[in-house]
Amino acid sequence: METRDLLIREKLNNVYSEIFEKELIEEIIKVCYFKKIKSGELLINIGDELTHIPLLTEGVVKIIRMENDGDEIALYYLEPGDTCAISFANCIKKERSIFKGIVEKDVEALFIPVNNIDEWIVKYKSWRYYIIDSYHFRLIEMVESIDNLAFLQMNDRLMKYLNGKVKMNNTKDLEITHQDIARDLNTSRVVVSRIIKQLHDDNKIYSTRNKVRVL
DNA sequence: ACATTAAGTGATT
DNA sequence: AATCACTTAATGT
């Protein structure tokens with residue numbers, strides 16, 4: 001059990017030592033469980049009941065909103081230091097998730113049981129602020145998404161999407177298909193292909209099968 | 001060599 | 001910007 005504590009303590013200190021007070025960190029170590037999740041796996045699906053909340057220490061999760069008939073759109077991404085803020089309300093009110101979360105880059109996370117989430121909001125200032133900040137940040141990202149959706153043309157949306165990927169992956173070489181992009185932006189593959197070709201010709205990107213390099 | 005999957009294209013709405 | 005109906009190119013087995 002010692003090694004478990006050490007591992008979790010290290011993971012926490014890497015990302016959360018500045019955010020949480022000491023006593024809270026100790027409590028987290030006591031109640032959380034640590035889990036790795038591989039890229040491509042589902043972290044949470046629409047309709048799932050939430051029993052735990054993940055604090056990411058590694059990797060990226062893509063949060064998607066989905067319509068029944070398969071229509072979907074990528075809303076935002078969770079990175080180390082982030083948590084799925086929206087799930088707090090669900091958690092506390094024992095409702096089901098309205099989003100889908102897919103692991104984009106291998107994830108390591110500490111899972112906190114629902115009960116503690118509630119309790120700590122009263123008990124720890126740092127936790128309270130963390131939750132509020134999370135909400136705030138997600139709201140901003142959501143508004144950004146809406147802005148993009150409402151005001152930008154497809155080619156600008158696509159370019160923003162690619163730039164976002166570059167930032168997250170720390171590389172300008174992306175491994176992605178036109179179909180994948182189309183799915184995230186909720187458009188058709190043909191439209192993406194045409195825009196990609198145009199961006200390629202304008203020397204904004206360099207693209208080959210399964211690959212896009214942002215220039 | 002053949003099948004599968006990704007990407008390109010013209011015409012139409 | 002979306003959809004259809006192809007064609008062409010890249011790839012896996």
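No hydrogens, no waters, no symmetry mates; every other heavy atom, side chains included, goes into these values. Order of the sequence lines sets the chain letters (A, B, ...), proteins ahead of strands, with each chain counted from 1.
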**Item:** A:Ser188 side-chain N/O to C:dA1 phosphate OP1/OP2 under 4.0 Å
**Value:**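 Checking C:dA1 against A:Ser188, no side-chain N or O comes under 4.0 Å of OP1 or OP2.
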When the distance from [atom1] of [X] to [atom2] of [N] is rounded to whole Å, what number comes out?
X: A:Arg157; N: C:dA1; atom1: CZ; atom2: C1'; result: 11 Å
X: A:Leu158; N: C:dA2; atom1: CG; atom2: P; result: 12 Å
X: A:Ile181; N: C:dA1; atom1: CD1; atom2: P; result: 15 Å
X: A:Arg189; N: C:dA1; atom1: CZ; atom2: P; result: 17 Å
X: A:Arg194; N: C:dC6; atom1: CZ; atom2: P; result: 16 Å
X: A:Phe151; N: C:dA1; atom1: CZ; atom2: C1'; result: 18 Å

**Message:** What I want to find out is whether A:Asp201 reaches A:Lys197 closely enough, with some N-O distance under 4.0 Å, to be called a salt bridge.
**Reply:**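 Looking at A:Asp201 and A:Lys197, the cut-off is met.
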**Item:** A:Arg138/A:Glu141 salt bridge by N-O under 4.0 Å criterion
**Value:**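 Yes, A:Glu141 and A:Arg138 are salt-bridged.
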**Ring geometry between A:His200 and A:Tyr206 (parallel below 30°, tilted from 30 to 60°, perpendicular above 60°)** =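 Aromatic pair A:Tyr206/A:His200 classed tilted.
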**Opening and closing nucleotides of DNA chain B in contact with chain A, under 4.0 Å to non-hydrogen atoms** =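 First and last nucleotides in contact are B:dT5 to B:dA11.
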**Asked** Between A:Phe20 and A:Tyr124, is the ring centre distance below 6.0 Å?
**Response**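 No, they do not, as the ring centres are separated by 6.0 Å or more.
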**Interface with DNA chain B, restricted to residues 201-215 of chain A and to heavy atoms under 4.0 Å** =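 The stretch gives A:Arg209, A:Asn210 as the residues lying under 4.0 Å from the strand, ordered by number.
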Atom pair [atom1] ([X]) and [atom2] ([Y]), whose distance is rounded to the nearest 0.5 Å:
X: A:Leu55; Y: A:Phe34; atom1: CG; atom2: CZ; answer: 12.0 Å
X: A:Tyr161; Y: A:Ile181; atom1: OH; atom2: CD1; answer: 6.0 Å
X: A:Ile25; Y: A:Cys32; atom1: CD1; atom2: SG; answer: 11.0 Å

**Item:** Non-hydrogen side-chain atoms of A:Phe111 and A:Thr51 separated by less than 4.5 Å
**Value:**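 When only atoms from C-beta onward are counted, A:Thr51 and A:Phe111 do not touch, as no gap falls below 4.5 Å.
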**Request:** Would you mind classifying the nucleic acid contact of A:Val190 as base, sugar-phosphate or nothing, using non-hydrogen atoms under 4.0 angstrom?
**Result:**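 Base, at least one base atom sits under 4.0 Å.
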**Request:** Look at atom CZ of A:Arg213 and say whether more than 12 heavy atoms of other residues, nucleotides or ligands are closer to it than 6.0 Å.
**Result:**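 Check fails, neighbour count at 12 or below.
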